[in-house]
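All residue numbers in this chain count up from 1 along the given sequence.
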Amino acid sequence: MDRLPAPDPLLIACALGIEHLALRLGDRSGAGGPVTVLRTGMGPRAADRSVTRVLADPALASAAVLATGFCAGLAPGMHPGDLVVAEETRDPAGTTPCTGTDLLVKEIARAVPGRTVHTGPLTGSDHVVRGHERSALLATGAIAVDMESAATLLGAVRPGPRPVAAVRVVVDAPEHELVRIGTFRGGISAFRVLRTVLPAFFEWHRSLSLPRR
């Protein structure tokens, strides 16, 4: 009897300890293959360095990569606990198109019914964005900003094409600016959303047809 090929792995990357904890506490029973949850550390350099190092492992050569965690919303009307599914990620180093955005939106709606999901470009920054910087980034067409997603996905595709995606939970929006990450009012809600959205990530991963190497 022929042996079935091993399922492709999934690498889920986040930056903060609280994000990593939410993902660790989430339900992993629906995973369709090996799953690695990586805490990269804060900022684009740390994200790029960590993802590049981990993907050098031959066991992850065919891994799909999904960047997740918290973000700042840029558009009026966004609220803490909303979700952002990137159509592409951007930063000064380049733009990375995302894979299967429509599927992710569908699966997220199933995993966390009632939550608002926004789609569009997710831009990168090397610092926390406030005030007038929000308006300037919104004018570029971006709908949200974080410090790691763009660097994570650029690092992931540098060795060659692979499925990549970015899903972020809004903790900070134009009408709800946070003072520091430990005191935001929407923090508990965002933590719970991130913990419960894992099944959507697994369904996205299961649907992929990764090239065999």
Side-chain angles (χ1 to χ4, degrees), residues 1-71 85-91 93-104 106-108 111 122 124 146-169 194-213:
M1 186 178 197
D2 292 337
R3 180 178 295 179
L4 292 174
D8 290 300
L10 170 63
L11 176 64
I12 301 175
C14 63
L16 302 176
I18 191 171
E19 297 166 342
H20 192 254
L21 177 61
L23 295 166
R24 284 173 50 209
L25 293 176
D27 180 6
R28 298 200 195 183
S29 61
V35 178
T36 299
V37 179
L38 171 68
R39 180 183 175 188
T40 65
M42 286 185 66
R45 290 185 180 180
D48 190 351
R49 184 169 57 247
S50 295
V51 169
T52 299
R53 172 180 54 80
V54 169
L55 292 179
D57 182 345
L60 293 176
S62 62
V65 176
L66 190 148
T68 194
F70 304 141
C71 72
V85 180
E87 294 176 340
E88 64 182 26
T89 58
R90 307 169 172 173
D91 74 4
T95 298
T96 307
C98 294
T99 309
T101 298
D102 290 344
L103 176 65
L104 267 171
K106 173 185 170 184
E107 293 301 335
I108 286 170
L122 175 62
D146 75 272
M147 290 194 286
E148 296 84 24
S149 291
T152 294
L153 299 198
L154 276 171
V157 301
R158 189 177 298 120
R162 71 173 74 239
V164 292
V167 177
R168 292 274 170 172
V169 184
L194 187 57
R195 187 180 65 187
T196 56
V197 82
L198 271 174
F201 298 171
F202 297 149
E203 286 301 320
W204 171 80
H205 180 225
R206 198 194 318 276
S207 76
L208 299 174
S209 298
L210 298 181
R212 299 290 176 179
R213 299 189 181 185

Heavy-atom check, side chain of [X] versus side chain of [Y], under 4.5 Å:
X: Thr96; Y: Glu88; value: no
X: Phe202; Y: Val35; value: yes
X: Arg168; Y: Leu194; value: no
X: Leu11; Y: Val37; value: no
X: Ile12; Y: Leu38; value: no
X: Leu16; Y: Met42; value: yes

Sidechain-backbone polar pair: [X] side chain, [Y] backbone, donor-acceptor under 3.5 Å:
X: Glu203; Y: Ala200; value: no
X: Thr68; Y: Val167; value: yes
X: Thr101; Y: Ala86; value: yes
X: Arg39; Y: Cys14; value: no
X: Ser149; Y: Ala166; value: no
X: Ser207; Y: Trp204; value: yes
X: His20; Y: Thr40; value: no
X: Arg162; Y: Ala63; value: yes
X: Glu19; Y: Phe70; value: yes

Euclidean distance, [Y] [atom2] relative to [X] [atom1], rounded to 0.5 Å:
X: Leu122; Y: Thr95; atom1: CG; atom2: OG1; result: 11.5 Å
X: Leu60; Y: Leu55; atom1: CG; atom2: CG; result: 6.0 Å
X: Thr152; Y: Leu66; atom1: OG1; atom2: CG; result: 10.0 Å
X: Arg206; Y: Leu103; atom1: CZ; atom2: CG; result: 11.0 Å
X: Lys106; Y: Asp102; atom1: NZ; atom2: CG; result: 10.5 Å
X: Leu208; Y: Leu10; atom1: CG; atom2: CG; result: 8.5 Å

So, for Ala59 and Pro9, which heavy atoms are closest and what is the spacing to 0.1 Å? O-CG, 3.5 Å
Over all atoms of both residues, closest heavy-atom pair of Cys98 and Leu153: SG-CD1, 3.9 Å
